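Ligands are counted one by one from 1 in listed order, and the atoms in each one are counted from 1 as well. FYI, the numbering just counts along the sequence from 1. Everything quoted here is computed from the prediction, not taken from an experiment.
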Amino acid sequence: MNAKNTKPFSCRPAGPDPKNAAKKLICRQEMTKEDFTELLRAYENQEVRKWLREEALRLRKKYYGNQVFTRGLIEFTNYCKNNCYYCGIRGANQKAVRYRLSQEEILACCQEGYKLGFRTFVLQGGEDPFYTDERMAAIVREIKDSYPDCALTLSIGEKPRESYQLFREAGADRYLLRHETANEIHYRQLHPANMSLENRTRCLNDLKSLGYQVGAGMMVGSPGQTLQCLAEDLLFLQKLQPQMVGIGPFIPHHDTCFAREPAGSVELTLYLLSLVRILLPWVLLPATTALGTLDPFGREKGLLAGANVVMPNLSPPKNRKQYELYDHKICTGEEAAECRSSLERRVTAAGFTLVSGRGDARHP
Ligand code: SAH
């Protein structure tokens with residue numbers, strides 16, 4: 001890519017060429033499942049990979065400059081009524097040491113985060129029935145009353161539309177609910193029978209129609225995932241047009257059925273980050289903790305592949321290890337919100353600028 005931003009090819013109609021799918025994506029044409037499959041196969045093609053990465057970085061710069069947004073992640077409960085097979089805090093894991101934070105403790109995390117410069121708080125947890133809709137709405141209201149200049153993101157799983165509406169009215173701005181996989185058969189391999197892709201999709205559509213900034217996403221390399229599944233994930237994202245997309249490698253947890261499964265690939269995750277940046281140029285795309293867990297430079301590599309968000313851990317330090325979604329989850333050093341200055345150094349060294357502020361999506 002040269003400075004004038006000319007593309008390395010012309011946007012003429014596609015002929016029989018392995019690079020066609022990449023051209024279509026870069027030219028912002030509507031993609032089919034076959035296009036996405038071809039694009040994923042092009043992962044092996046170094047030349048195509050280079051184009052896509054450069055285009056992702058160009059778009060990231062066009063929409064967000066060198067800015068990297070931060071979110072303070074508050075993991076406020078690891079109780080969960082669900083049993084997602086990949087997840088370390090699933091309800092059936094009797095070995096998990098459970099905790100939940102009180103409203104006061106959650107507010108104390110926000111206070112600490114605000115002092116550190118965070119202007120978005122993400123409340124994430126298992127699906128914990130202790131936090132009734134009323135309790136949750138009260139927490140949302142108190143955070144938004146105390147910090148009106150901050151955005152509040154919820155990530156507390158599948159709820160009826162009415163609950164989402166209540167939280168929205170209480171002041172919640174964003175909602176993260178990864179779809180996990182857009183392929184029905186694969187969804188069944190990852191979740192017990194009482195969960196469904198249909199309900200997950202219903203939730204995402206409800207959240208969107210209620211005016212949330214919505215985040216979907218998937219793990220890369222989860223057991224049973226094929227190239228076709230990933231192609232369907234990209235098709236799903238193209239249709240949903242979410243404001244945020246969370247993509248991280250699958251990492252096994254020792255107390256789950258997938259304990260012996262291999263972790264996902266860092267390189268393939270980076271490739272997908274670039275594809276999603278091009279597909280949804282204005283998207284908020286985190287360099288995830290899972291990426292940083294598998295690779296000591298995962299965060300930096302994520303930013304250089306097109307990511308523009310980092311989410312350091314703002315949970316009480318004593319609980320961080322207990323929110324164990326997968327083995328060896330990092331939660332100290334640059335992962336820890338209190339080490340913001342060292343995170344800032346690393347982000348700067350990678351050529352970006354860590355900014356304070358809500359960091360909303362810039363729409364086209
Ligand atoms: N209960 C909430 C939050 C789930 S935890 C919800 O349902 O949305 C947040 C994300 O962590 C999940 O969406 C999943 O994609 C990811 N995750 C869970 N287990 C994982 C594992 N073993 N490896 C990598 N990511 C995992």
Check ligand 1 against the protein and report each N/O to N/O distance under 3.5 Å, formatted as atom name, atom name, distance.
{"unit_1": "ligand 1", "atom_1": "1 (N)", "unit_2": "G125", "atom_2": "O", "d": "2.9"}
{"unit_1": "ligand 1", "atom_1": "7 (O)", "unit_2": "R200", "atom_2": "NH2", "d": "3.3"}
{"unit_1": "ligand 1", "atom_1": "8 (O)", "unit_2": "R200", "atom_2": "NH2", "d": "3.3"}
{"unit_1": "ligand 1", "atom_1": "13 (O)", "unit_2": "E180", "atom_2": "OE2", "d": "2.6"}
{"unit_1": "ligand 1", "atom_1": "15 (O)", "unit_2": "R178", "atom_2": "NH1", "d": "2.9"}
{"unit_1": "ligand 1", "atom_1": "15 (O)", "unit_2": "E180", "atom_2": "OE1", "d": "2.7"}
{"unit_1": "ligand 1", "atom_1": "15 (O)", "unit_2": "E180", "atom_2": "OE2", "d": "3.4"}
{"unit_1": "ligand 1", "atom_1": "22 (N)", "unit_2": "Y86", "atom_2": "O", "d": "3.0"}
{"unit_1": "ligand 1", "atom_1": "22 (N)", "unit_2": "I251", "atom_2": "O", "d": "2.7"}
{"unit_1": "ligand 1", "atom_1": "23 (N)", "unit_2": "I251", "atom_2": "N", "d": "3.0"}
{"unit_1": "ligand 1", "atom_1": "23 (N)", "unit_2": "I251", "atom_2": "O", "d": "3.3"}

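Taking the centre of each ring, F250 and Y86 stay at or above the 6.0 Å mark.
A salt bridge links E75 with K329: at least one charged nitrogen is closer than 4.0 Å to a carboxylate oxygen. Using a cut-off of 4.0 Å between Lys/Arg side-chain N and Asp/Glu carboxylate O, D206 and K159 are scored as not salt-bridged.
Of all the heavy atoms in P312 and A336, the pair that sits closest is CB-C, 4.1 Å.
In this structure, Y187 and H191 have parallel ring planes: the angle between them is below the 30° cut-off, well short of the 60° mark.
Using modelled atom types and a 3.5 Å distance limit, the side chains of R340 and T70 yield a donor-acceptor pair.
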